[in-house]
A.B. asks: 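Can you keep this structure in mind? I'll have questions shortly.
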Amino acid sequence: MQRSKLVGIAMVALAAVSCGDDGGDHPPVPVDVEELLARAGHSRNDHRLASGLRQRGLLCKDDLWLPEVYWPPLGPPRLERIVFVAWDMPAGTLRGWELVQNASDRRYWSVALSAEEVGFGCEERYTTSFFLLASWPDNNVSRAIGLERAAQLALQEDISSDDAVLVNHYTLIDVERASVPVPDTATYYLQNLFTGATFSIDVPTEGDGSPDYVTQLEVDYGELGLGAMTDVATGVVYKREGVELTNHCLTVTDTTLP
């Protein structure tokens, strides 16, 4: 499924909500994210979920939020649910809502949320980032699967390590695609979703005159007590002179695990 088709379906869904069709039988269902994580105890390192949820996106238009996923049911694990999580990074709090499978195409999961339900509109509160959690039987839960609050291809990321202790973080923002001023700082927030251990730091952005600005950060997960790479959510807020511009939540992929 091409990303363009995913976006096209999402725009149709947003248009339906804005015209008063809120999904009928499927109003947003809140999820107790803390309870979900407590039952699991740690993330399950299942490669099918890490790769299978690559076709995902987050759209926001007219203060209507639409997270969406294509998940082809090619075999186990059989997903019980996919949860859209709003992470208030400075406070460390998590709020979630269930995505609903489309009746005519069971591969497509989404939910439409108003600004009132999320708590803010499209261009507000960039200290809150978003990620997905997938769960399946026996209290298994995926790692945090990050979402971007920017245009397609505006943000890039990499989290890698040779030993799962010293972890390298790299991000790139294309300011033209993101339609934001040149950032001078990126604030990193790291949080173990299961133990609550946290770490944050400001990192200067680096540029060469092109639209691309990068950040790099090495973090000692052992020294900071952050635990396993796949148990940690990582968010980055781009700023200029202290003003928040946009953010994204990063994803640990199988190809960068030691």
Side-chain angles (χ1 to χ4, degrees), residues 33 37 43 50 56 58 85-95 120 123-133 142-151 153-175 177-178 180-208 211-253 255-258:
V33 180
L37 295 169
S43 63
R56 64 186 185 273
L58 175 62
V85 180
W87 171 27
D88 183 327
M89 295 180 286
T93 56
L94 306 167
R95 299 165 58 229
F120 52 91
E123 298 181 5
E124 299 176 294
R125 205 176 302 177
Y126 286 114
T127 52
T128 295
S129 65
F130 299 99
F131 60 85
L132 301 170
L133 289 173
S142 72
R143 69 195 72 170
I145 302 167
L147 295 167
E148 303 174 354
R149 291 183 64 179
L153 304 178
L155 302 167
Q156 298 179 39
E157 67 196 59
D158 182 72
I159 304 178
S160 61
S161 177
D162 293 330
D163 57 10
V165 178
L166 285 177
V167 183
N168 298 302
H169 303 75
Y170 167 90
T171 69
L172 180 150
I173 180 170
D174 182 326
V175 296
R177 289 182 183 273
V180 297
V182 172
D184 53 34
T185 306
T187 301
Y188 277 77
Y189 293 91
L190 287 78
Q191 178 173 327
N192 186 304
L193 298 176
F194 302 89
T195 68
T198 61
F199 173 72
S200 65
I201 190 171
D202 288 340
V203 177
T205 59
E206 301 174 5
D208 58 6
D212 297 338
Y213 288 79
V214 303
T215 69
Q216 299 184 66
L217 173 68
E218 183 180 75
V219 178
D220 189 329
Y221 277 34
E223 180 180 336
L224 295 171
L226 287 170
M229 286 174 64
T230 51
D231 285 353
V232 175
T234 302
V236 176
V237 182
Y238 293 99
K239 302 176 182 178
R240 180 179 177 87
E241 298 179 349
V243 177
E244 299 153 7
L245 306 175
T246 190
N247 73 30
H248 61 142
C249 191
L250 283 58
T251 305
V252 175
T253 63
T255 56
T256 59
L257 285 171

A.B. asks: Measure the shortest side-chain to side-chain distance between Met89 and Thr128 over non-hydrogen atoms and say whether it is less than 4.5 angstrom.
C.D. replies: no
A.B. asks: Mind checking what makes ring-ring contact (aromatic ring centres under 6.0 Å, His included) contact with Tyr170, not counting sequence neighbours?
C.D. replies: none
A.B. asks: So which atom in Ser43 and which in Asp231 form the shortest heavy-atom distance, rounded to 0.1 Å?
C.D. replies: OG-OD1, 2.7 Å
A.B. asks: Which residues pass the side-chain contact (heavy atoms from CB on, under 4.5 Å) test with Thr198, sequence neighbours left out?
C.D. replies: Gln191
A.B. asks: Report the distance from atom NE2 of His248 to atom CD of Gln156, rounding to the nearest 0.5 Å.
C.D. replies: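 So the NE2 of His248 and the CD of Gln156 are separated by 9.5 Å.
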A.B. asks: Please give me the minimum heavy-atom distance between Ala233 and Trp87, naming the atom from each residue.
C.D. replies: O-CH2, 3.4 Å
A.B. asks: Who pairs with Arg240 by side-chain contact (heavy atoms from CB on, under 4.5 Å), at least two apart in sequence or on another chain?
C.D. replies: Pro181, Val182, Asp184, Leu245
A.B. asks: Run the side chain to side chain donor-acceptor pair (under 3.5 Å) test against Asn247 and tell me which residues pass, sequence neighbours left out.
C.D. replies: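 Residues passing side chain to side chain donor-acceptor pair (under 3.5 Å) with Asn247: none at all.
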A.B. asks: Which residues pass the side chain to side chain donor-acceptor pair (under 3.5 Å) test with Asp202, not counting sequence neighbours?
C.D. replies: Thr187
A.B. asks: Under 3.5 Å, side chain of Arg95 to main-chain N/O of Val85, donor-acceptor pair present?
C.D. replies: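 Flag not set: sc Arg95 to bb Val85 has no pair under 3.5 Å.
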A.B. asks: Tell me the closest heavy-atom pair linking Glu148 and Leu155, and the distance in Å.
C.D. replies: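 That would be OE2-O, 3.3 Å.
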A.B. asks: Distance-only check: which donor-acceptor pairs under 3.5 Å involve side-chain atoms of residues 216-224, not counting sequence neighbours?
C.D. replies:
residue, atom, partner, partner atom, Å
Asp220, OD1, Gly222, N, 3.0
Asp220, OD1, Glu223, N, 2.9
Tyr221, OH, His169, NE2, 3.2

A.B. asks: Are Cys249 and Leu147 packed together at the side-chain level, in the sense that at least one heavy-atom pair is separated by less than 4.5 angstrom?
C.D. replies: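 The answer is no; the side chains never approach within 4.5 Å.
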A.B. asks: Who passes side-chain contact (heavy atoms from CB on, under 4.5 Å) against Pro204, sequence neighbours left out?
C.D. replies: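 Expected list: none.
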A.B. asks: Does any non-hydrogen side-chain atom of Thr171 lie less than 4.5 Å from one of Tyr238?
C.D. replies: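 Counting from C-beta outward, Tyr238 and Thr171 do come under 4.5 Å.
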A.B. asks: For Phe131, which residues count as a ring-ring contact (aromatic ring centres under 6.0 Å, His included) partner, sequence neighbours excluded?
C.D. replies: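 Checked Phe131 against ring-ring contact (aromatic ring centres under 6.0 Å, His included); zero matches.
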A.B. asks: Please find the pair of heavy atoms, one from Val175 and one from Tyr213, that lie closest to each other, and give the distance.
C.D. replies: CG1-CD1, 4.0 Å
A.B. asks: Just jot down the side chain to side chain donor-acceptor pair (under 3.5 Å) partners of Ser129, sequence neighbours excluded, or say none.
C.D. replies: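 Listed in chain order: nothing, the list is empty.
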A.B. asks: Run the side chain to side chain contact (heavy atoms under 4.5 Å, CB included) check on Thr185 and Thr205 step by step: do they pass?
C.D. replies: CA-CA 5 Å; Thr185 306; Thr205 59; 5.8 Å; no
A.B. asks: Hey, are Tyr188 and Thr215 close enough side-chain-wise for a donor-acceptor pair under 3.5 Å?
C.D. replies: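 On atom types as modelled, these side chains qualify, holding a pair under 3.5 Å.
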A.B. asks: Around atom CG of Asp163, are there more than 12 heavy atoms from other residues, nucleotides or ligands closer than 6.0 Å?
C.D. replies: yes
A.B. asks: Donor-acceptor pair, Asp88 side chain versus Thr93 backbone, under 3.5 Å?
C.D. replies: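 Pair absent, no side-chain N/O of Asp88 close to backbone of Thr93.
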A.B. asks: If you count every heavy atom of other residues, nucleotides or ligands that lies below 6.0 Å from Glu123 atom CD, does the total exceed 12?
C.D. replies: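 Incorrect, the count does not exceed 12.
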A.B. asks: Measuring only between side-chain heavy atoms, which start at C-beta, is Asp212 closer than 4.5 Å to Ile173?
C.D. replies: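 No. Closest side-chain heavy atoms not under 4.5 Å.
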A.B. asks: I would like to know whether Leu250 and Val236 meet side chain to side chain contact (heavy atoms under 4.5 Å, CB included); could you show each step before the answer?
C.D. replies: CA-CA 8 Å; Leu250 283 58; Val236 176; 3.8 Å; yes
A.B. asks: Nearest 0.5 Å, what's the CG-CD1 distance between Leu190 and Ile159?
C.D. replies: 7.5 Å
A.B. asks: Salt bridge (charged side-chain N to carboxylate O under 4.0 Å, His left out) with Arg125: which residues, sequence neighbours excluded?
C.D. replies: none
A.B. asks: At their closest point, which heavy atom of Thr251 faces which heavy atom of Ala144, and how far apart are they?
C.D. replies: CG2-O, 3.9 Å
A.B. asks: Under the rule for side-chain contact (heavy atoms from CB on, under 4.5 Å), what residues qualify as partners of Ser160, not counting sequence neighbours?
C.D. replies: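 For Ser160, the residues satisfying side-chain contact (heavy atoms from CB on, under 4.5 Å) (neighbours in sequence not counted) are Asp158, Asn168, Thr256.
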A.B. asks: Taking only residues two or more places apart in sequence or in another chain, which ones pass side chain to side chain donor-acceptor pair (under 3.5 Å) with Ser142?
C.D. replies: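 Partners of Ser142 under the side chain to side chain donor-acceptor pair (under 3.5 Å) test: none.
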A.B. asks: Are the side chain of Thr246 and the backbone of Arg149 linked by a donor-acceptor contact shorter than 3.5 Å?
C.D. replies: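 Answer holds: yes.
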A.B. asks: Between Leu94 and Leu193, is there a side-chain heavy-atom distance shorter than 4.5 Å?
C.D. replies: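 Result yes, sub-4.5 Å side-chain heavy-atom pair found.
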A.B. asks: Does any non-hydrogen side-chain atom of Thr234 lie less than 4.5 Å from one of Tyr189?
C.D. replies: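 Of all side-chain heavy-atom pairs linking Thr234 with Tyr189, none is under 4.5 Å.
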